[in-house]
Amino acid sequence: MIRVRFAPSPTGFLHVGGARTALFNWLFARHHKGTFVLRIEDTDEVRSTHESVDAILGSMAWLGLDWDEGPILEGSGVGSDGSGWKSKGNYGPYFQMQRLEHYKKYLRQLEDAGRAYRCYCTPEEVEMMRVQAQLEKRPPKYDGRCRELTEKERRDKEGAGRKWTLRFKMPQEEKTVIHDLIRGEVHFENILQQDLIIQKTSGVPTYNFACVVDDHQMEISHVIRAEEHLSNTPAQVCMYAALGWTPPQFAHLSMILGADGTKLSKRHGATSVLEYKNQGYLPQAMRNYLALLGWATETSQDIFEVQELFDKFDLDRCQKNPATFDFAKLDWMNGMYIRKLSQADLVEASKPFLPKDAAQQTPNLSELVVLEQEKYRVLSDVPKMLDFFFTEEFVYHWDDLNGLMVKSPHLKTHEALERLIEFTESKFFKLEPFVETQIEAALREIAKDLGWKTAEVFHPLRFAVSGRLQGPSLFHMAAALGKGRVVLRLARLKKSIKESAAK
RNA sequence: GGCCCCAUCGUCUAGCGGCCUAGGACGCUGCCCUCUCAAGGCAGAGAUCACGGGUUCGAAUCCCGUUGGGGCCA
């Protein structure tokens, strides 16, 4: 039975790297008809917040990564320990701070068996050891001075009120071999590993211990996580052995880097999944793009339906080398997905990005939004490309107009332009019904009558109607705007020309 | 510093000993279509497969080393 988990620490938003890890776990579970577990690793008591839990669950929900077991997404939790959250699944609770009793039991078991010991060193002392070791060019590790303390020494220290942590006693011989599903065999000399702290002075276990207990108790079959956890894996594998458990299979995903080859961070652009949502990326595009960061099919296919991803995704085609996050390709892909949207879906998706009163201002809003569908790369482009529909206050940039006039042999003077506008006004005035095909026919007739190229007629009129040199098809745009507004705008441009000429 | 991981066009990648004078996609350039911009179609530039040694009749593909990048210890 395949059981995988995504186990974020709620110390911030869900970033792109975390989302990719979650996605791969999700895809792996769906591909193998397994179970996808979401577990909140909140043992960092100072940095964990319930706002982060909200943000992470919200991001996952937005991306459509539904989990089979874990906290239920209903409103928000009450405490950073997850109290107030409900959970689904038989292996809960899914907040580590609610699982303290489980950890205590195994912590005690390890200590009783002599596989863990109390360490009375202060953080300062440990730091000193590290510096010292580096100076002497030795491996920087805890020197094990509390390993073989006598019973009396221990009593003395505790009598003196020294606080203690629990350290796992790493075997000092042989080596640990990880059979990584992506990297193959990875060997580690045990002697070089340090005795990791598994319980903090507060009594709370550390990440490295808690996840071993949870993965075992939750019967996780495959641990799919980022490469940064690879170095901790040998210690964890030794803990499994010390507890008499069989470790799960491991798969360490490569990192996601920014354009400069360093770990993706804020200076490279957006890192939070929610930022992408706010900028107008579609979850399906994001998902598709992320899937390609470290995974590919034999055909280098790049657009996938979700079901196709389920069918084709597997760990054996995951990339070992790190991937650079390419915003340009994401934009392209998002544009692809926007173009695939139905009219209704596009309008719905655009709503958060449109002016609040857009629907009242323009009853035919959905007709407008679709006009530029093939040009949007992000949904925040929608209001930018459509703004002239929502206001009569847009400005005419004379530089644009002048540029147009330079290129057109028949538009050398403002008078010529005025004449074109007047000609159009009178034509439009009689035009009934004012629909796309009629408008096109009328405008082509004007060009013919005038003996101008069609472009010489269309471009200045597009400018008149929208204030732009580029935009939707003139006929579509005019029809969508309606005769009244079009005539109004023609008149407005004519007036502006007169005024500027007077100056 | 120690340990670990990684290395094919600018980027994501295909390739798993002969099919590779290295394929696809993004981006870039040009052409076509066309009322503009897009979209779409076509064409093109772009990789001595990081470098150096082996192994082999034959290596991008296997082995060793070097360099570079990244991660963990922090």
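Numbered from 1 within each chain, the chains take letters A, B, ... in sequence-line order. Values below: all heavy atoms of this structure, side chains included; hydrogens, waters and symmetry mates excluded.
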Visitor: Nearest 0.5 Å, please: how far is SG in A:C238 from CZ in A:F168?
Guide: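 Between A:F168 CZ and A:C238 SG, I get 5.5 Å after rounding to 0.5 Å.
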Visitor: Rounded to whole angstroms, how far apart are CG on A:L346 and P on B:rA38?
Guide: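 In whole Å, B:rA38 P lies 19 Å from A:L346 CG.
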Visitor: Could you measure between the two P atoms, the one in B:rC72 and the one in B:rU66, and give it in whole Å?
Guide: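 Per the computed distance, 24 Å lies between those P atoms.
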Visitor: Touch check for A:E227, heavy atoms < 4.0 angstrom, all strands: base, sugar-phosphate only, or nothing?
Guide: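 Base: the residue A:E227, judged by heavy atoms under 4.0 Å, touches a nucleobase.
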Visitor: To the nearest Å, how far apart are A:M255 CE and B:rG69 P?
Guide: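 Going from CE in A:M255 over to P in B:rG69 covers 17 Å.
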Visitor: Please state how far atom CH2 in A:W295 lies from atom P in B:rC12, giving the value in whole angstrom units.
Guide: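 My rounded result for the distance is 17 Å.
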Visitor: OP1 or OP2 of B:rC72 versus the side-chain N and O atoms of A:Q194: is any pair under 4.0 Å?
Guide: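 For A:Q194, the contact criterion (side-chain N or O under 4.0 Å from OP1 or OP2 of B:rC72) is not met.
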Visitor: Reckon A:N321 has a side-chain N or O less than 4.0 Å from the OP1 or OP2 of B:rU8?
Guide: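 Answer is yes, contact under 4.0 Å.
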Visitor: Are A:R462 and A:F458 in a cation-pi contact, defined as NZ or CZ under 6.0 Å from the six-membered ring centre and within 45° of the axis?
Guide: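 No cation-pi geometry.
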Visitor: Sticking with atom C1', work out how far B:rC4 lies from B:rG41, rounded to a whole angstrom.
Guide: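 Those two atoms are separated by 49 Å.
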Visitor: List the steps, then state whether side chain to side chain donor-acceptor pair (under 3.5 Å) holds for A:Y117 with A:D195.
Guide: CA-CA 9 Å; A:Y117 60 92; A:D195 292 341; 2.7 Å; yes
Visitor: Grab the NE2-C1' distance between A:H476 and B:rA39 for me, whole Å please.
Guide: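 Rounding to the nearest Å, NE2 of A:H476 and C1' of B:rA39 are 14 Å apart.
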Visitor: By nearest atom, which of the nucleotides B:rA14, B:rU36, B:rC72 is closest to the A:R462 side chain?
Guide: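 Output: B:rU36.
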Visitor: Are A:E227 and A:R183 close enough for a salt bridge, meaning some N to O gap below 4.0 Å?
Guide: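 A:R183 and A:E227: salt-bridged.
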Visitor: Suppose you measure atom P in B:rU61 against the same atom in B:rG65; what distance do you get, rounded to whole Å?
Guide: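 Rounded to whole Å, the distance is 16 Å.
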Visitor: Want to settle it: does A:D302 or A:R317 sit nearer the 5' end of RNA chain B, counting the closest nucleotide to each?
Guide: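 Closest to the 5' end, via its nearest nucleotide, is A:R317.
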Visitor: When both hydrogen-bonding distances must be under 3.5 Å and the geometry is Watson-Crick or G-U wobble, what is B:rC72 paired with, if anything?
Guide: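 When the pairing criteria are applied, B:rG2 turns out to be the nucleotide that pairs with B:rC72.
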Visitor: What is the pairing partner of B:rC19, taking Watson-Crick or G-U wobble pairs with both distances under 3.5 Å in any strand?
Guide: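 Because no pair has both required distances under 3.5 Å, B:rC19 counts as unpaired.
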Visitor: With rounding to whole Å, what would you report as the distance between B:rA50 and B:rU8 at their P atoms?
Guide: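 After rounding to an integer number of Å, I get 6 Å for this pair.
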Visitor: Rounded to the nearest Å, what distance is computed from the CG atom of residue A:D195 to the P atom of nucleotide B:rC72?
Guide: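 These atoms are roughly 21 Å apart.
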Visitor: Would you say A:R377 reaches B:rG27's phosphate, i.e. side-chain N/O to OP1/OP2 under 4.0 Å?
Guide: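 For A:R377, the contact criterion (side-chain N or O under 4.0 Å from OP1 or OP2 of B:rG27) is met.
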Visitor: Between A:R225 and B:rG71, is there a contact of a side-chain N or O with OP1 or OP2 at under 4.0 Å?
Guide: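 Looking at the OP1 and OP2 atoms of B:rG71, neither is under 4.0 Å from any side-chain N or O of A:R225.
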Visitor: Would you mind classifying the nucleic acid contact of A:T297 as base, sugar-phosphate or nothing, using non-hydrogen atoms under 4.0 angstrom?
Guide: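 A:T297: backbone/sugar contact only, no base atoms under 4.0 Å.
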Visitor: Looking at every strand, decide which applies to A:L292 at a 4.0 Å heavy-atom threshold: base, sugar-phosphate, or nothing.
Guide: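 Answer is sugar-phosphate: A:L292 comes under 4.0 Å of backbone atoms only.
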Visitor: So what does A:H187 hit on the nucleic acid, given a heavy-atom distance under 4.0 Å: a base, only sugar-phosphate, or nothing?
Guide: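 Sugar-phosphate only.
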Visitor: Report which part of the nucleic acid A:P472 touches: base, sugar-phosphate, or nothing (heavy-atom distance under 4.0 Å, all strands).
Guide: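 Base contact.
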Visitor: Considering only residues two or more places apart or on different chains, which pairs with a residue in residues 411-425 of chain A satisfy side chain to side chain donor-acceptor pair (under 3.5 Å)?
Guide: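 Qualifying pairs, neighbours excluded: A:E425-A:K494.
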Visitor: Across the strands shown, which category fits A:Q319 at heavy-atom distances under 4.0 angstrom: base, sugar-phosphate, nothing?
Guide: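 The residue A:Q319 makes sugar-phosphate contact but no base contact.
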Visitor: For B:rG23 versus B:rC9, give the span between their P atoms, rounded off to a whole number of Å.
Guide: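 Nearest-Å result for B:rG23 against B:rC9 at atom P: 13 Å.
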Visitor: Does B:rG40 have OP1 or OP2 under 4.0 Å away from a side-chain N or O of A:R339?
Guide: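 Affirmative; the distance criterion is met.
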Visitor: Answer with yes or no whether A:S231 presents, from its side chain, a donor or acceptor under 3.5 Å of a partner atom in the base of B:rC73.
Guide: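 A donor-acceptor contact between them is absent.
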Visitor: For B:rA7, does the base pair up with any side-chain atom of A:K320 as donor and acceptor (N or O, under 3.5 Å, distance only)?
Guide: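 Not at all, since no donor on one side and acceptor on the other fall under 3.5 Å apart.
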Visitor: Counting the atoms with a prime plus P, OP1 and OP2 as sugar-phosphate, which does A:G294 contact under 4.0 Å by heavy atoms, base, sugar-phosphate, or nothing?
Guide: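 Sugar-phosphate only.
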Visitor: For B:rC51, which nucleotide is its Watson-Crick or G-U wobble mate, given both distances must be under 3.5 Å?
Guide: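 Paired with B:rG65.
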Visitor: Checking all strands, does A:R468 fall into the base, sugar-phosphate, or nothing category for heavy-atom contacts under 4.0 angstrom?
Guide: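 No contact.
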Visitor: When you measure from the side chain of A:S300, which nucleotide among B:rU36, B:rC72, B:rA14 comes out closest?
Guide: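 Given the options B:rU36, B:rC72, B:rA14, the side chain of A:S300 is closest to B:rA14.
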Visitor: Side chain of A:L230 only, please: which of B:rC5, B:rU36, B:rC26 is the nearest?
Guide: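 Selected nucleotide (nearest to the side chain): B:rC5.
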Visitor: Without decimals, in angstroms, what is the distance between A:K329 NZ and B:rC26 C1'?
Guide: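 One finds 5 Å between C1' of B:rC26 and NZ of A:K329, rounded.
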Visitor: Suppose you measure atom P in B:rC42 against the same atom in B:rG27; what distance do you get, rounded to whole Å?
Guide: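 My reading of the P atoms in B:rC42 and B:rG27 gives 15 Å.
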Visitor: Report yes or no: does A:R39 contribute a side-chain atom to a donor-acceptor pair with the main-chain N or O of A:A7 at less than 3.5 Å?
Guide: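 Pair absent, no side-chain N/O of A:R39 close to backbone of A:A7.
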Visitor: Could you check A:A323 against A:F475 and say which one's nearest nucleotide on RNA chain B is further toward the 5' end?
Guide: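 Upstream on the strand: A:A323.
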Visitor: Please name the nucleotide paired to B:rU11 by Watson-Crick or G-U wobble geometry with both distances under 3.5 Å, or report none.
Guide: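 Across all strands, the one nucleotide that pairs with B:rU11 is B:rA25.
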Visitor: Taking A:L282's backbone N and O only, do any of them form a donor-acceptor pair with A:N334's side chain (distance below 3.5 Å, no angle check)?
Guide: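 A pair under 3.5 Å: yes.
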Visitor: Is a salt bridge present between A:K312 and A:E298, judged by a nitrogen-to-oxygen distance below 4.0 Å?
Guide: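 Answer for the salt bridge query: no.
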Visitor: Distance check, P atoms only: B:rG24 and B:rC57, in whole angstrom units.
Guide: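 Taking atom P in both B:rG24 and B:rC57, they lie 34 Å apart.
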Visitor: Is B:rU34 paired to anything, Watson-Crick or G-U wobble with both distances less than 3.5 Å, and if yes, which nucleotide?
Guide: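 Its partner is none (no Watson-Crick or G-U wobble pair with both distances under 3.5 Å).
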Visitor: Can you identify which nucleotide, out of B:rA14, B:rA39, B:rC35, has its nearest atom closest to the A:R444 side chain?
Guide: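 Per side-chain heavy atoms of A:R444, the pick is B:rC35.
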Visitor: Please classify the nucleic acid contact of A:L461 as base, sugar-phosphate, or nothing, using heavy-atom distances under 4.0 Å.
Guide: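 A:L461: no heavy atom of the nucleic acid under 4.0 Å.
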Visitor: From the set B:rA39, B:rC6, B:rU36, return the single nucleotide nearest to any side-chain atom of A:S473.
Guide: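 Nearest to the side chain of A:S473 among the choices is B:rU36.
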Visitor: What distance, rounded to whole Å, do you find between the two C1' atoms, one in B:rC62 and one in B:rG44?
Guide: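 Taking atom C1' in both B:rC62 and B:rG44, they lie 36 Å apart.
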Visitor: Is the base of B:rC5 touched by the side chain of A:R183 through a donor-acceptor pair closer than 3.5 angstrom?
Guide: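 There is none.
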Visitor: Whole Å only: how far is the CG atom of A:N232 from the P atom of B:rC73?
Guide: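 Rounded to whole Å, this separation is 6 Å.
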Visitor: Could you tell me how far apart A:Q193 (CD) and B:rC72 (P) are, to the nearest whole angstrom?
Guide: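 Rounded to the whole Å, the gap is 15 Å.
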Visitor: Would you say the side-chain atoms of A:D314 pair up with the backbone N or O of A:D316, donor to acceptor, closer than 3.5 Å?
Guide: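 Not at all, since once roles are kept as given, no pair shorter than 3.5 Å links the two residues.
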